[in-house]
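What you see is a predicted model, and the numbers here were worked out from it, not measured in a lab.
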Amino acid sequence: MRIEFGKKDETWGKYGLVEARINYNGKPSDYKAIIKDGKLVAIVGANYRLVPNEEVVRIGDQVASEVGAKPFKVRYARTNWITNKAETRVYAQYIMPRGFDIDGKDRVFVGFSLQNSIDGSLAFGASGFTFRSACANGVFLGYKEIARFYRKHTKALEVDMASIKEAVEKVLEETRDAIKAYRKLVRLELNEELAEKIAKSRLPR
């Protein structure tokens, strides 16, 4: 029984990433290794599509600029994205600078986040959310996720400017629709409150 690395793919070598086919008894198996900076980080299926976390963030920053969003950075942080300890996962957040007035007193803001992994533990995804305010330590008050878009790392996955922009625009559209629903709900609640007051008043029928 002999296991060894076979053909290597260094497409993403600038990020320190190498894909190496795993050979079993001298023949290519259905698996490959993901190696980062010389360290083995995962064994995945041969059809796994590697997408560097740095690429997702790079394109995400460009898309945010196009749709008018700004990277959300926690105070004292160098970037708007965070990783796990092994640096195999990434999460990046962006927010729209202007909020939406709901009822003259309540104001809701919109944002979106991107996620990805290089070890198969997390699908590529974009999600839209609303929030009332954000603290400098990264805590969103009144946070509510509205829309999600996920794609597994298969051969069909294309993570480029067009695909990420399409995903972001989709979740932002659904999030804006949620804002409209908030406004309708507030008007409905106000109408019900007014009707109840009238019903309880001393006005003649």
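- Crowding of Glu166 atom CD: a count of heavy atoms from other residues, nucleotides or ligands under 6.0 Å not exceeding 12.
- Two residues are said to be in side-chain contact when any heavy atoms from C-beta on lie closer than 4.5 Å; Ile34 and Lys36 fail this criterion.
- Atom CD of Glu87 sits about 8.0 Å away from atom CG of Asp37, to the nearest 0.5 Å.
- Val57 has its side chain out of reach of Leu114: every pair of non-hydrogen atoms, C-beta onward, lies at least 4.5 Å apart.
- With contacts defined as side-chain heavy-atom distances shorter than 4.5 Å, the pair Asn116/His153 qualifies.
- The line from NZ of Lys32 to CD1 of Ile22 is 10.5 Å long, rounded to the nearest 0.5 Å.
- Counting all heavy atoms, side chain and backbone alike, Pro97 lies closest to Ala69 at CD-CA, 4.4 Å.
- The shortest distance between side-chain heavy atoms of Val67 and Phe112 falls below 4.5 Å.
- Of all the heavy atoms in Leu40 and Ala33, the pair that sits closest is CD1-CB, 3.6 Å.
- The minimum heavy-atom distance linking Arg151 with Leu157 is given by the pair CB-CD1, 3.7 Å.
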From CA spacing to verdict: side-chain contact (heavy atoms from CB on, under 4.5 Å), Lys7, Asp9: CA-CA 7 Å; Lys7 185 178 179 180; Asp9 183 345; over 6 Å; no
Check against side-chain contact (heavy atoms from CB on, under 4.5 Å), Asn47 and Thr154: CA-CA 6 Å; Asn47 292 328; Thr154 62; over 6 Å; no
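- Using cut-offs of 30° and 60° for the angle between ring planes, the Phe109 and Phe131 rings count as parallel.
- Annotation: side chain of Ile146 is not in contact with side chain of Phe129 (no heavy-atom distance under 4.5 Å).
- Minimum heavy-atom separation, Tyr48 to Asp119: OH-N, 3.8 Å.
- Side-chain contact check for Leu50 versus Trp12: some heavy-atom pair is nearer than 4.5 Å.
- A donor-acceptor pair is defined here as one N or O able to donate and one able to accept, closer than 3.5 Å; no such pair exists between the side chain of Asp30 and the backbone of Gly45.
- A salt bridge does not link Glu55 with Arg49: every distance from a Lys NZ or Arg NE/NH1/NH2 to an Asp or Glu carboxylate oxygen is 4.0 Å or more.
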